[in-house]
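Here the structure comes first, spelled out in structure tokens, and everything after it is commentary.
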Amino acid sequence: MRDVAASYPTGRLALEGISLDVRAGELCAVLGPNGAGKSTLVRVLSGSLRPARGEATLLGRPLAGMDRRAIARCVAVVPQGIASAPGFTVREVVMMGRAPHQGAWMLAAGRDEEAVARALDACDLVGLAGRPVAELSGGEQKRVAIARALAQEAQVLILDEPGAHLDIRHSIEVHEVVRREVAERRLACVAVLHDLNAAAQYADRVALLKAGRLVAHGTVEEVMTYRRLKDVFEAELYVGVNELDGSRYFLPVRGR
Ligand code: ADP
């Protein structure tokens with residue numbers, strides 16, 4: 001993104017002056033308080049909101065000049081929440097990720113089957129492939145949404161709060177799958193995260209937003225400092241160092 005500004009018909013600028021690069025093989029966490037512009041950034045990157053100013057480019061091509069299908073071949077989005085797909089099995093939902101690659105008749109060619117099998121395997125869903133998605137737990141449904149995005153075989157992966165509503169084990173599983181896929185398939189990944197600890201553990205780079213502006217962009221060590229997080233989130237927190245691996249951790253501190 002180069003100097004991107006974005007707004008909604010009803011409001012003032014929701015993003016302003018955003019310049020941000022995400023490279024192949026890199027997981028960029030987008031952090032910031034409610035209303036900071038994180039979802040708006042996701043909308044611009046996925047081509048569903050056109051910047052009012054500046055330019056967003058994908059693999060060197062301006063997003064503004066690409067049609068929806070072309071964008072969908074390059075960008076896979078895992079939305080917030082869990083996918084409701086009543087009546088569909090896990091395999092069918094993951095196959096939906098192939099839509100941008102398929103012809104008018106949606107015939108599942110061998111290439112599509114391969115991509116679906118690989119995505120099911122990556123997300124540990126092989127044993128659940130025939131089950132209706134509606135019958136799965138929240139953590140399993142989130143893995144299905146990620147598998148669908150992986151089956152799309154896009155080079156850019158965007159996730160909106162992948163760990164939300166998941167218990168500790170499922171949250172770790174989901175972040176691990178994403179981390180591994182980003183590394184193995186050299187995906188450029190943007191993940192909106194509310195969990196500062198997940199960001200510190202999984203992100204290569206962190207983009208910190210506040211009131212529509214990019215306050216800081218860099219490594220966890222550069223960006224996630226006590227002072228900056230306290231200012232941006234307007235909350236007291238404790239920043240600790242994990243003795244086991246030297247990584248940072250964050251605790252909210254009760255207001256007095
Ligand atoms: P975040 O995802 O960080 O919580 P958003 O990108 O949703 O923030 O919101 C950024 C700003 O844009 C906020 O001021 C919000 O009120 C506004 N906004 C978001 N969505 C819309 C919309 N559909 N119409 C009008 N204003 C919106």
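One is the number of the first residue; the rest follow in order along the sequence. What's counted below: heavy atoms across the whole structure, side chains too, no hydrogens, waters or symmetry copies.
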query: Relative to the ring of Y202, is the ring of H175 parallel (under 30°), tilted (30 to 60°) or perpendicular (over 60°)?
result: parallel
Note, [X] side chain near [Y] side chain (heavy atom, < 4.5 Å):
X: L209; Y: L214; result: yes
X: R185; Y: Q155; result: no
X: R143; Y: V94; result: no

Determine whether more than 12 heavy atoms belonging to other residues, nucleotides or ligands lie under 6.0 Å from atom [atom1] of [X].
X: H165; atom1: NE2; answer: no
X: F88; atom1: CZ; answer: no
X: R2; atom1: CZ; answer: yes
X: R91; atom1: CZ; answer: no
X: R61; atom1: CZ; answer: no

Checklist entry - Are any side-chain N or O atoms of R179 and backbone N or O atoms of Q201, one a donor and one an acceptor, separated by less than 3.5 Å? => result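 No; judged by distance alone, with no hydrogens or angles, the pair does not exist.
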State plainly whether the residues [X] and [Y] are in salt-bridge range, i.e. N to O under 4.0 Å.
X: E153; Y: R73; result: no
X: R111; Y: E114; result: yes
X: E173; Y: K142; result: no

_Residue that, paired with L193, satisfies side chain to side chain contact (heavy atoms under 4.5 Å, CB included) out of V30, L31, L159_ =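 With L193 as partner, side chain to side chain contact (heavy atoms under 4.5 Å, CB included) holds for just one option, L31.
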What closest approach, in Å, do [X] and [Y] show between heavy atoms, and which atom pair accounts for it?
X: A72; Y: A154; result: O-CB, 4.4 Å
X: G47; Y: I71; result: CA-CD1, 4.1 Å
X: L150; Y: V177; result: CD1-CG1, 4.4 Å

